[in-house]
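Everything below concerns the one structure shown next.
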Amino acid sequence: MPAPRIKSPHLLVAESGADREGHGLKRTMGLFQLICFGVGAIVGTGIFVGLSDSVAQAGPAVVVSFILAAITCVFTAFSFAELGGAIPVSGSSYSFAYAGLGESTAFLVGWCLLLEYGISISAVAVGWSQYVNELLHSITGVQLPAALSAGPGDGGIVNLPAVIVIAMASVLLVRGVRESARATAAMAAVKLVILLAFCAIGYSAFKHGNLTPFSPAGLGGIGAGTTAAFFSYIGFDAITTAGEEAKNPRRDIPVAIMVCMGIVTLLYCAVALAAIGAIGGKQVAGRPAALSYVVNEVTGSAVGGGVIAFGAVVAIASVVLAVMYGQTRILMSMSRDGLIPRVFEKVNPKTSTPVAGTLIVAVVFALPAAFASLDAVMNLCTIGTLAIMAVVNIVVIALRRREPGLARSFRVPLYPVGPLLGVVFCLYLMYETGWQTWLQFAVFLAVGLLIYYGYGRRHSTLATAAPEVTASAAAEKEPQAV
């Protein structure tokens with residue numbers, strides 16, 4: 001059996017130019033921009049739209065579900081922080097897997113990232129459409145017709161708002177990362193203010209009786225709620241995709257990940273308690289635009305709900321922008337390695353952005369957002385994301401053994417217990433998705449392997465590069481950790 005094709009961290013950094021200017025990209029993002037980018041990538045549909053689904057599973061115990069989902073993510077966030085500081089390149093978990101476990105595993109991770117980001121962007125865009133209608137109704141008293149605000153599977157023809165938000169995000173991304181970072185920072189500030197205002201309104205009407213029964217479905221409901229709540233945290237890994245555009249990636253990426261996870265977890269628990277405490281879990285469960293509904297019920301006016309809807313429109317748009325950014329950078333890294341067509345690695349010299357790759361991603365992700373019902377594949381997105389997170393935890397262990405002298409600006413605490421616990425939590429949530437999802441995932445991975453052996457393996461730059469070039473690049477050592 002041939003040895004796996006492993007690309008050393010030194011080679012990854014040397015090829016990307018990550019310690020200089022990364023592959024035509026410009027270093028424009030400081031720590032504050034990275035934190036805003038992370039909050040922008042995480043806080044959106046999961047809390048504005050998905051909260052009602054989590055409450056339907058767990059009831060008031062959804063707070064426990066959010067904490068369990070956060071614990072799962074925190075262990076993996078430690079691993080992302082270590083790897084993001086040690087290998088500051090745009091490929092994120094794809095590049096980490098390439099350095100730790102080899103090319104075939106890296107390709108499957110990239111394949112799963114396409115699933116994670118593709119479905120999450122499309123789902124987020126559909127959620128954006130719901131709140132656009134809510135905002136229109138609160139301002140004008142009318143809404144878009146169902147034919148133009150939902151796909152065929154949801155009783156409409158085309159989800160036009162979902163297409164519009166993806167198109168707007170692609171325009172910003174094409175203009176340049178500086179403009180995108182500024183827009184993301186502004187939108188992150190707006191949604192944080194809106195959610196804090198929601199908490200103030202919700203807690204003003206808080207009734208302890210609304211929290212009983214606390215866990216109507218028992219531990220099974222909490223477990224199912226955790227799986228649903230996990231979707232709310234998807235996106236924190238996108239911070240590591242800015243490795244070649246951050247000013248000081250070795251220091252700032254680990255810090256940004258930790259800060260974002262702390263902010264988001266506290267915010268989610270506070271919002272969930274405020275919503276349920278104000279009107280009760282049964283009223284929140286399964287309700288579209290749940291936060292606007294809560295405010296309308298508490299204040300007796302549609303004005304407050306309109307403000308929340310405005311915040312949701314801004315918040316969800318920022319998620320589309322941040323996650324699309326991450327997807328284009330991962331595809332750029334895979335293209336640079338020859339595993340997918342070269343069009344995705346081309347950077348426009350004027351804007352310093354992968355224009356062609358961004359436009360292709362926008363078109364591909366807009367199609368399911370416009371026409372497909374995504375409910376059936378949401379668990380597939382979740383299991384794919386959890387599989388990636390499990391791999392990242394394993395990579396930390398593999399690289400500690402293979403590259404003990406690698407410069408690391410952050411180290412996973414309680415090693416090796418921390419990464420192992422990360423794997424265990426990921427496997428538990430994967431189990432909770434059910435056997436049908438596992439079957440879908442197996443088929444999805446099989447298709448990915450066919451693509452890899454049919455195209456990626458034969459075009460891999462690692463396999464076709466001259467040995468002396470590879471050895472020379474691998475010999476380049478990174479500067480010591482900051």
Side-chain angles (χ1 to χ4, degrees), residues 37-46 50 73 76 80 84 89-97 106-128 162-163 165-170 172-173 177 180 184 230-243 245 257 260 316-335 339-340 344-345 353-354 357-370 372 374 377-389 391-392 441 444-445 447-448 451:
F37 177 71
V39 172
I42 303 170
V43 180
T45 308
C73 292
T76 304
F80 268 105
V89 297
S90 292
S92 185
S93 45
Y94 156 75
S95 295
F96 305 155
F107 185 89
L108 289 179
V109 167
W111 182 238
C112 288
L113 283 166
L114 186 64
L115 171 73
E116 173 193 344
Y117 285 0
I119 292 179
S120 63
I121 288 173
S122 300
V124 164
V126 171
W128 192 78
V163 175
V165 71
I166 292 175
M168 290 191 303
S170 66
L172 263 177
L173 289 172
V177 70
S180 302
T184 303
F230 175 79
F231 186 78
S232 305
Y233 290 92
I234 288 178
F236 75 87
D237 54 323
I239 296 173
T240 58
T241 65
E245 290 159 287
I257 290 174
C260 284
I316 297 171
S318 73
V319 175
V320 174
L321 178 63
V323 177
M324 276 187 67
Y325 167 90
Q327 181 66 85
T328 58
R329 272 47 179 184
I330 289 166
L331 291 175
M332 189 179 74
S333 295
M334 295 181 72
S335 178
L339 302 184
I340 60 175
F344 291 98
E345 74 165 325
T353 59
T358 300
L359 296 178
I360 292 171
V361 166
V363 172
V364 171
F365 290 172
L367 289 174
L374 300 171
V377 292
M378 290 305 294
N379 274 348
L380 182 60
C381 174
T382 297
I383 196 173
T385 304
L386 288 164
I388 294 167
M389 293 169 65
V391 167
V392 168
F441 188 53
F444 179 79
L445 291 181
V447 173
I451 295 173

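Numbers for residues simply follow the sequence, beginning at 1.
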Over all atoms of both residues, closest heavy-atom pair of [X] and [Y]:
| X | Y | value |
| --- | --- | --- |
| Ala97 | Val391 | CB-CG1, 4.2 Å |
| Met389 | Cys73 | CE-CA, 3.8 Å |
| Ile166 | Ala366 | CD1-CA, 3.7 Å |
| Met332 | Glu345 | CG-CA, 3.6 Å |
| Ser93 | Leu113 | OG-CD1, 3.5 Å |
| Leu321 | Ala169 | CD1-O, 3.7 Å |

For the pair Phe444 and Trp111, name the ring-plane relationship: parallel under 30°, tilted 30 to 60°, perpendicular over 60°.
-> parallel

Does the ring center of Tyr94 lie less than 6.0 Å from the ring center of Phe107?
-> no

Go through the steps to decide whether Phe365 and Tyr117 satisfy the test ring pair (Phe, Tyr, Trp, His ring centres under 6.0 Å), and finish with yes or no.
-> CA-CA 9 Å; Phe365 290 172; Tyr117 285 0; 8.4 Å; no

Are side-chain heavy atoms of [X] and [Y] found at a separation under 4.5 Å?
| X | Y | answer |
| --- | --- | --- |
| Arg329 | Thr353 | yes |
| Ser333 | Val89 | no |
| Cys112 | Thr385 | no |

State the [atom1]-[atom2] distance between [X] and [Y], to the nearest 0.5 angstrom.
| X | Y | atom1 | atom2 | result |
| --- | --- | --- | --- | --- |
| Ile340 | Leu331 | CD1 | CG | 4.5 Å |
| Ser318 | Trp128 | OG | CH2 | 12.0 Å |
| Thr382 | Leu115 | OG1 | CG | 9.5 Å |

The single option from Leu173, Leu114, Val364 passing side chain to side chain contact (heavy atoms under 4.5 Å, CB included) against Gln327 = Leu114

Mind checking ring pair (Phe, Tyr, Trp, His ring centres under 6.0 Å) for Phe344 and listing every partner two or more places apart, or none if nothing turns up?
-> none

What residues, two or more places apart in sequence or in another chain, satisfy side chain to side chain donor-acceptor pair (under 3.5 Å) together with [X]?
| X | result |
| --- | --- |
| Ser95 | none |
| Thr76 | Asn393 |
| Ser92 | Thr240 |

Residues in side-chain contact (heavy atoms from CB on, under 4.5 Å) with Leu367, at least two apart?
-> Phe371

Can you list the residues that meet the side-chain contact (heavy atoms from CB on, under 4.5 Å) rule with Ser170, with sequence neighbours excluded?
-> Met324, Thr358, Ala362

What's the verdict on side chain to side chain contact (heavy atoms under 4.5 Å, CB included) for Phe80 and Val392, showing C-alpha distance, side-chain angles and the deciding distance?
-> CA-CA 7 Å; Phe80 268 105; Val392 168; 3.6 Å; yes

